[in-house]
Amino acid sequence: MKTTLLSLMQRKATSQIVVIFFVALLVRCLVLVYIGNDVQKFYTFDSDGYVALAENLVHNRVFSTDQEPPLTPDIKRTPIYPLFISATLVVFEKNLSATILLQILLGSITAVLTFCIAKKLELTTFAGLVAAWIVAIDPVSILLSNHLLTEALFTFELLFGIWLLILFWHNNKARQLVISAIIISLSVLTRPIALYLPVALFPLFIMTRRGRSLRNVIMNGLIFVLICGVIISSWSYRNYRVSNKFMLSSIADINLVYYRARAVLAKAENITQGEADDKLKEEIETTITQQNLSQAEIASLQRKRALQIFGQYPTQTAIMLAKGGGRLLFDPGFTIICTMLDTSSIKYECFPGKDTKLESGMLSKVIRKFQVMTFVQQATLMWGIILLGLIYFGLVGGIFSLIRERNWLAIFLLGGIILYFVLLSAGAEADHRLRSPIQPFLAILSGVGFGAMYKYQHKRRSDKETV
């Protein structure tokens, strides 16, 4: 009888996961239909660079953003997302809509992977289904699937790699360890923010001994880190060959000076973001011209100048990082909802100009803009706010529930990944977009919390009926 009941529950869960997948697919496709066939709607600030790299890969077999010769090899971006775009351009005859459709598919599979991770962490089916539903209908996740950005691919790779790693911890099959390391490495080559993730995951190997010798477990962890290191270093070596500097990407240095240091400088000197940006660019461009610096030397200069500003203004730096972390966690996606669901414009202009998003008075600007939005925009934004509130409400209960159950692997894996991305992503550039890779892990913790609440309420009803 017990076996039959378990089998019935598994079939119900499977049918619900199928429904979740198709709902996720449907809502993402509806956005694609709603924004129309104008390819410019797929673009945002970084999209041009990715598409330029992809087109040069297709037509000139070179990794460069230059539009005409000489095609200088690019060290700003990592290769996987441009390769992803270029593959769809080749297969689907230069159709960027095909790239978006593939991202929509990956975003829908990500909801399923969220459920799979929850189950492999020995969480309840209820918690896994709640988490999968959250990812499926999250407005930010839905809209990012329709942008020419790394988020949909990166989040899929991250979850796929983590799921395979958990499978290895359960089954101890070498194939799963190797494939997980490869997928995690590809995620790093999609977005460099994951560079230190393999090392951050290493301590978790010790938590999964399950009767195996400590030496064996540590060796498995070292093999995982080594495979990741070799694959990731291959691109760093390529950059060394073209720039004489062994580095994964120069994008971190650009963000460091033109986003984080700019925000600190603006606050410290009581000037606008635009004025701080102009000041830094003029200073750095002058040095580049005077010393005739290479790409690698420019990256070093940018990092050095940013660190000088952080050292000079530590209080303002701490405030900048704290505010960035807050935006990352609590921004409901105002900008992407405002711009992408505006059928009358193809411009990314809800906060026109680089000096408005971080300036004082932003809340009043948001309210004024909300009042003139369409019903679709307003409803989507309100749903995003409500869903975000529900996620964090459930998350608190989820953490306490896992501690009470002593499910340490789930706590340290989910909490560790969330903490990793928040710490490395918090900055002046942080917003809803950078929450994308941790949204499934937030959703799982929230699902655990709602599962615990449901169990508690069910027990109370049963106790009352018994009395």
Side-chain angles (χ1 to χ4, degrees), residues 44-45 114 130-131 133-145 147 149 151 154-155 158 191 193 255 259-260 263-264 267 273 316-341 348 350-351 356-371 373 377-400 414-450:
T44 181
F45 297 119
T114 303
V130 169
W133 272 116
I134 289 173
V135 174
I137 61 175
D138 170 46
V140 171
S141 301
I142 292 167
L143 294 175
L144 283 173
S145 295
H147 258 330
L149 290 172
E151 272 62 35
F154 176 72
T155 305
L158 177 64
R191 278 192 63 195
I193 191 68
N255 289 339
Y259 285 97
R260 301 188 182 191
V264 170
K267 186 70 173 177
Q273 297 286 325
Q316 289 85 349
T317 299
I319 293 171
M320 177 270 296
L321 293 172
K323 286 183 176 180
R327 282 194 304 274
L328 187 153
L329 290 170
F330 300 110
D331 181 354
F334 176 86
T335 307
I336 194 171
I337 291 169
C338 176
T339 54
M340 198 164 197
L341 297 181
Y348 209 76
C350 275
F351 288 117
T356 55
K357 186 176 181 181
L358 301 176
E359 296 287 352
S360 60
M362 186 182 72
L363 182 59
S364 62
K365 294 177 185 179
V366 168
I367 294 172
R368 287 198 300 271
K369 190 67 179 181
F370 178 81
Q371 291 171 342
M373 284 182 181
Q377 290 171 303
Q378 290 177 339
T380 305
L381 183 58
M382 291 308 299
W383 171 239
I385 293 170
I386 292 169
L387 184 63
L388 205 55
L390 289 172
I391 288 171
Y392 289 116
F393 176 73
L395 181 142
V396 174
I399 293 172
F400 282 113
L414 300 173
I417 290 175
I418 291 168
L419 186 63
Y420 172 88
F421 281 102
V422 171
L423 289 177
L424 268 69
S425 302
E429 75 278 18
D431 61 6
H432 58 273
R433 173 187 170 187
L434 300 186
R435 189 174 64 247
S436 177
I438 65 171
Q439 189 79 334
F441 303 101
L442 293 170
I444 293 172
L445 284 174
S446 185
V448 173
F450 283 111

F370: which residues meet the side chain to side chain contact (heavy atoms under 4.5 Å, CB included) condition with it, sequence neighbours left out? M373, Q378, L381, M382
What residues, two or more places apart in sequence or in another chain, satisfy side chain to side chain contact (heavy atoms under 4.5 Å, CB included) together with L423? L419
Under the ring pair (Phe, Tyr, Trp, His ring centres under 6.0 Å) test, which residues partner F393, sequence neighbours left out? none
Going by the rule ring pair (Phe, Tyr, Trp, His ring centres under 6.0 Å), which residues pair with F400 if we only count those two or more places apart in sequence or in a different chain? none
Do side-chain atoms of [X] reach the backbone of [Y] as a donor and acceptor pair under 3.5 angstrom?
X    : Y    : result
R327 : A430 : yes
Y420 : G415 : no
S141 : I137 : no

Can I336 and H432 be said to form a side chain to side chain contact (heavy atoms under 4.5 Å, CB included), step by step? CA-CA 9 Å; I336 194 171; H432 58 273; 3.5 Å; yes
How would you list, by chain and number, every residue that makes a side chain to side chain donor-acceptor pair (under 3.5 Å) with Q316, sequence neighbours excluded? none
Those residues at least two apart in sequence (or on a different chain) that pass side chain to side chain donor-acceptor pair (under 3.5 Å) with T380 are none
Only distances under 3.5 Å count here; give the side-chain donor-acceptor pairs of residues 438-446 to other protein atoms, sequence neighbours excluded, each with its distance to 0.1 Å.
from : atom 1 : to   : atom 2 : distance (Å)
Q439 : OE1    : R435 : NE     : 3.4
Q439 : NE2    : D138 : OD1    : 3.3
Q439 : NE2    : D138 : OD2    : 3.2
S446 : OG     : I391 : O      : 3.0

Side chain to side chain contact (heavy atoms under 4.5 Å, CB included), that's the test. Do L143 and H147 meet it? Break it down for me. CA-CA 7 Å; L143 294 175; H147 258 330; 5.9 Å; no
Of all residues at least two apart in sequence or in a different chain, which pass the salt bridge (Lys or Arg N to Asp or Glu O under 4.0 Å) check with R433? D46, E151
Flag side-chain contact, heavy atom, 4.5 Å: F334 against D431: no
Side-chain contact test, heavy atoms from C-beta onward, threshold under 4.5 Å: evaluate it for E429 versus R260 and give yes or no. yes
The single option from L149, L434, T155, L158 that satisfies side-chain contact (heavy atoms from CB on, under 4.5 Å) with R191 is L434
